[in-house]
Structure formats: C-alpha cells, structure tokens
Amino acid sequence: MTENPFARRIDAILTDEARLFASTVPYAQHLSREDEALDEAYYVRHRIETVHRIRGTAATDALALCAMAREDYRAARLWGEYIEEEMNHDKLYLADLEQHGIDEAQVVSTPPLAATVDLIRTLEQNVLRIGSLPAVAYSVFAEWNSERASPLAVARAASAFSERHVKGARAHIKIDERDDHYDMMLEVTGRVLRARGYPFEVMEQSLRTVGTLLRAYFAELYWVTRDPARSDLPGHAPHHHPASHRTA
C-alpha cells in the first residue's frame with residue numbers, strides 16, 4: 001500500500017469510518033468475528049446484495065468513465081481497465097452462492113434491499129452533479145475494505161461452510177492484491193482532484209457519504225435477516241426473503 005501524506009489522510013478517514021461502523025451498526029462484526037456461529041441467512045443475503053451492488057455500480061462506473069475521460073485521460077485509462085475487470089466479479093460471487101443452493105435466477109428475482117438501491121441512486125446523482133469522484137470514492141472504500149476486512153470474512157465463511165463456498169470470494173481478494181487496486185484507486189483519486197481543482201474535502205465528503213450508505217445497508221441487512229418484524233415497519237420497503245440452503 002502506498003505510504004504518503006495523501007494516502008495517510010485517506011486511511012485516517014476510512015479508519016474513522018470503520019470505528020463508526022463498528023460502534024453503530026447492529027451485528028457489525030458478525031462476518032469477521034469468531035465468537036458465535038455464522039448466520040447463513042445473513043451471509044447468503046449479503047452475497048446476493050454483493051452481486052446487486054457489482055451490477056449496479058457497473059452503470060455508475062460507466063458514467064464516471066465518461067466524466068473522467070474529460071477530466072484526466074490517463075486516469076480514465078486506469079479506471080477503464082479497473083471497471084472492466086470489476087464488472088465480471090459478479091460471476092465469482094454467483095459461483096459461491098451456487099454452493100448454498102442459490103442460482104443466478106434466484107439472485108436476479110430477489111429485489112435488492114432499499115439501501116442498495118439508495119447507494120446506486122446516490123452515486124449516480126453525485127457523479128452527474130460533480131463528476132467522477134463519487135464513483136472513485138466508492139471504489140477506494142471498497143478496495144480499502146478488501147485489504148482489511150474481506151480476508152477475515154472469507155476465512156470465517158470457509159470455516160463455517162467449506163472452501164468451495166468461498167472460492168470466488170478468495171479469487172476476488174487475490175485479484176485486488178495482484179493488481180494493486182487500492183493504490184490504483186489512490187492514483188486515480190489524486191489525478192481527478194487535481195484535474196477538477198477540488199480541495200481534498202470533496203473527496204472526504206464523498207467517502208463519508210459512502211460510509212453512511214454502507215452503514216444503512218448493513219443495518220437493513222440485519223433487520224431483514226435477523227429482525228424481519230422491524231424491516232416491515234412503516235418506512236421500510238417490503239422485502240423478498242430467499243430461502244437459505246445449506247449444502248454438505
């Protein structure tokens with residue numbers, strides 16, 4: 001990982017967001033902590049939403065590419081390579097979901113959570129409003145998390161189910177490591193900020209927005225899978241609850 005003042009500022013923000021997540025979101029550490037059995041319904045729904053997010057952000061990433069081609073063409077080259085690879089990662093998680101008895105048709109027929117829809121809508125609106133940076137901020141957030149939290153979650157799922165159940169997730173982590181995706185995203189961020197003449201605070205606000213949206217997502221994930229009565233209260237959209245299937 002790059003170590004420079006810019007990278008340290010980004011890391012400090014994301015570290016603070018991680019603390020906020022841990023202290024405010026119900027079940028926040030469930031995917032990584034080993035002090036209780038892994039809830040398969042929670043885990044499977046999270047992976048279904050991962051597919052929805054990958055497919056949804058493929059569209060916002062494409063919007064960002066259009067903007068970035070006018071902002072900084074070199075950054076757009078990097079971004080184009082990155083998003084082309086990322087949009088295929090749904091296949092990795094679909095393969096893992098098949099080990100739980102969930103096929104692609106079931107994933108597609110399961111409406112995304114309201115928080116997932118809000119995440120994609122907000123990214124789209126912000127890209128149209130200020131340029132590519134909001135989409136880049138989401139990827140910075142995701143790649144930072146991939147280096148720190150994702151390996152713990154994958155190891156926990158492998159222990160709870162089997163290595164077959166996490167083959168795709170492990171492949172995703174290895175791709176991020178091999179291609180230095182986090183450092184790539186930092187370079188893209190710096191180039192876009194300079195091209196737009198934005199102060200660093202625009203990036204910070206974009207990261208904070210992503211953090212807020214992801215906290216809302218994990219809270220809704222908890223309500224839907226662990227406390228469905230609350231998820232059906234006024235103000236929460238009704239959700240389809242896919243069956244959870246355990247395979248040997």
Side-chain angles (χ1 to χ4, degrees), residues 1-25 28 53-54 56-87 115-116 118-150 173 175-177 179-219:
M1 182 189 300
T2 299
E3 285 295 338
N4 57 48
F6 179 75
R8 287 195 292 272
R9 291 180 77 180
I10 297 288
D11 185 72
I13 293 167
L14 294 175
T15 300
D16 184 59
E17 285 294 318
R19 292 194 202 100
L20 190 58
F21 175 84
S23 64
T24 62
V25 176
R53 281 198 308 278
I54 289 170
T57 55
T60 56
D61 288 346
L63 285 176
L65 179 61
C66 290
M68 201 182 298
R70 297 181 176 91
E71 294 164 342
D72 184 291
Y73 204 79
R74 181 175 173 183
R77 287 185 195 277
L78 292 173
W79 183 249
E81 294 172 6
Y82 172 78
I83 66 174
E84 181 184 11
E85 185 172 81
E86 288 293 313
M87 74 180 299
T116 299
D118 191 38
L119 169 67
I120 304 304
R121 183 190 303 117
T122 300
L123 288 176
E124 178 179 351
Q125 291 172 346
N126 287 344
V127 168
L128 292 173
R129 182 171 58 87
I130 69 169
S132 67
L133 198 64
V136 178
Y138 174 81
S139 289
V140 169
F141 209 115
E143 297 301 336
W144 187 89
N145 183 75
S146 180
E147 287 192 357
R148 290 160 178 78
S150 293
I173 293 171
I175 290 168
D176 288 340
E177 292 174 347
D179 295 341
D180 294 325
H181 278 168
Y182 182 68
D183 282 357
M184 181 189 291
M185 289 303 98
L186 289 183
E187 180 178 352
V188 170
T189 299
R191 297 189 72 89
V192 170
L193 283 172
R194 290 190 295 272
R196 282 280 185 173
Y198 287 150
F200 179 82
E201 287 71 23
V202 178
M203 179 58 174
E204 177 172 5
Q205 182 56 55
S206 294
L207 290 171
R208 300 291 188 186
T209 297
V210 172
T212 299
L213 292 164
L214 289 177
R215 288 194 300 277
Y217 159 70
F218 277 99

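The chain is numbered in sequence order, starting from 1.
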**Q** Are Phe21 and Leu214 packed together at the side-chain level, in the sense that at least one heavy-atom pair is separated by less than 4.5 angstrom?
**A** no
**Q** Might you work through the salt bridge (Lys or Arg N to Asp or Glu O under 4.0 Å) test for Arg191 and Glu71, ending with a clear yes or no?
**A** CA-CA 9 Å; Arg191 297 189 72 89; Glu71 294 164 342; over 6 Å; no
**Q** If you measure only the distance, is there a donor-acceptor pair under 3.5 Å linking the side chains of His181 and Glu147?
**A**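 There is no such pair (donor and acceptor under 3.5 Å, judged by atom type) between the side chains of His181 and Glu147.
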**Q** Could you walk me through whether Arg208 and Glu204 pass the salt bridge (Lys or Arg N to Asp or Glu O under 4.0 Å) check?
**A** CA-CA 6 Å; Arg208 300 291 188 186; Glu204 177 172 5; 3.4 Å; yes
**Q** Show your reasoning for whether side-chain contact (heavy atoms from CB on, under 4.5 Å) applies to Leu119 and Arg53.
**A** CA-CA 8 Å; Leu119 169 67; Arg53 281 198 308 278; 3.5 Å; yes
**Q** For Ser139 and Met185, which heavy atoms make the closest approach, and how far apart are they?
**A** CB-SD, 3.7 Å
**Q** Using only atom types and a distance under 3.5 Å, with no angle test, would you say the side chain of Tyr138 pairs donor to acceptor with the backbone of Thr57?
**A**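 Not a single qualifying donor-acceptor pair exists.
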**Q** Minimum heavy-atom separation for Ile130 to Ser206, with atom names?
**A** CD1-OG, 4.4 Å
**Q** Find the distance between OG1 (Thr60) and CG (Leu65) and round it off to the nearest 0.5 Å.
**A**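 Atom-to-atom, Thr60:OG1 and Leu65:CG are 11.5 Å apart.
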**Q** Would you confirm whether the ring centroid of Trp79 sits within less than 6.0 angstrom of the ring centroid of Tyr82?
**A**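 Aromatic pair counts; centres sit under 6.0 Å.
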**Q** Is Arg70 reaching over with its side chain to a backbone N or O of Cys66, donor-acceptor style, under 3.5 angstrom?
**A** yes
**Q** Would one find more than 12 heavy atoms of other residues, nucleotides or ligands at under 6.0 Å from atom OH of Tyr73?
**A** no
**Q** In Å, rounded to the nearest 0.5 Å, how long is the span from OG of Ser132 to CG of Asp61?
**A**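 That separation rounds to 10.5 Å.
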**Q** Return the CG to CD distance between Leu20 and Glu17, rounded to the nearest 0.5 Å.
**A**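 Between Leu20 CG and Glu17 CD, I get 5.5 Å after rounding to 0.5 Å.
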**Q** May I ask you to decide if Ala7's main-chain N or O and Asn4's side chain share a donor-acceptor pair within less than 3.5 Å?
**A** yes
**Q** At their closest point, which heavy atom of Ala75 faces which heavy atom of Val188, and how far apart are they?
**A**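 The pair with the smallest heavy-atom distance is O-CG2, 4.0 Å.
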**Q** Within the 4.5 Å heavy-atom criterion, are Val136 and Met68 side-chain neighbours or not?
**A**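 A side-chain contact exists here, since the closest heavy-atom pair is under 4.5 Å.
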**Q** Considering non-hydrogen atoms only, spot the tightest contact between Val140 and Tyr182 and give its length.
**A** O-CE1, 3.8 Å
**Q** Out of curiosity, Gln125 CD to Ile120 CD1, how far, rounded to the nearest 0.5 Å?
**A**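 The CD1 atom of Ile120 is 12.0 Å from CD of Gln125, to the nearest 0.5 Å.
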**Q** Do the side chains of Glu187 and Arg74 get close enough for a salt bridge, i.e. N-O under 4.0 angstrom?
**A** yes
**Q** Drop me the distance from Asp72's CG to Leu193's CG, to the nearest 0.5 angstrom.
**A** 11.0 Å
**Q** Checking salt bridge (Lys or Arg N to Asp or Glu O under 4.0 Å) for the pair Asp11/Arg148: CA distance, chi angles, key distance, verdict?
**A** CA-CA 12 Å; Asp11 185 72; Arg148 290 160 178 78; 3.1 Å; yes
**Q** Is a side-chain donor or acceptor of Ser146 paired with a backbone partner of Ala142 at a separation under 3.5 angstrom?
**A**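 Checked: no pair found.
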**Q** To the nearest 0.5 Å, how far apart are CG in Leu133 and CG in Asn126?
**A**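 The CG atom of Asn126 is 10.0 Å from CG of Leu133, to the nearest 0.5 Å.
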**Q** Can Val210 and Thr122 be said to form a side-chain contact (heavy atoms from CB on, under 4.5 Å), step by step?
**A** CA-CA 9 Å; Val210 172; Thr122 300; over 6 Å; no
**Q** Under the side-chain contact (heavy atoms from CB on, under 4.5 Å) rule, what do Arg215 and Thr24 come out as? Steps first, then yes or no, please.
**A** CA-CA 8 Å; Arg215 288 194 300 277; Thr24 62; 3.6 Å; yes
**Q** Taking the side chain as everything from C-beta on, heavy atoms only, tell me whether Ile10 gets closer than 4.5 Å to Phe200.
**A** yes
**Q** For side-chain contact (heavy atoms from CB on, under 4.5 Å), just list the numbers for Trp144 and Leu186, CA-CA rounded to whole Å, side-chain angles, deciding distance to a tenth of an Å, and then say yes or no.
**A** CA-CA 10 Å; Trp144 187 89; Leu186 289 183; over 6 Å; no
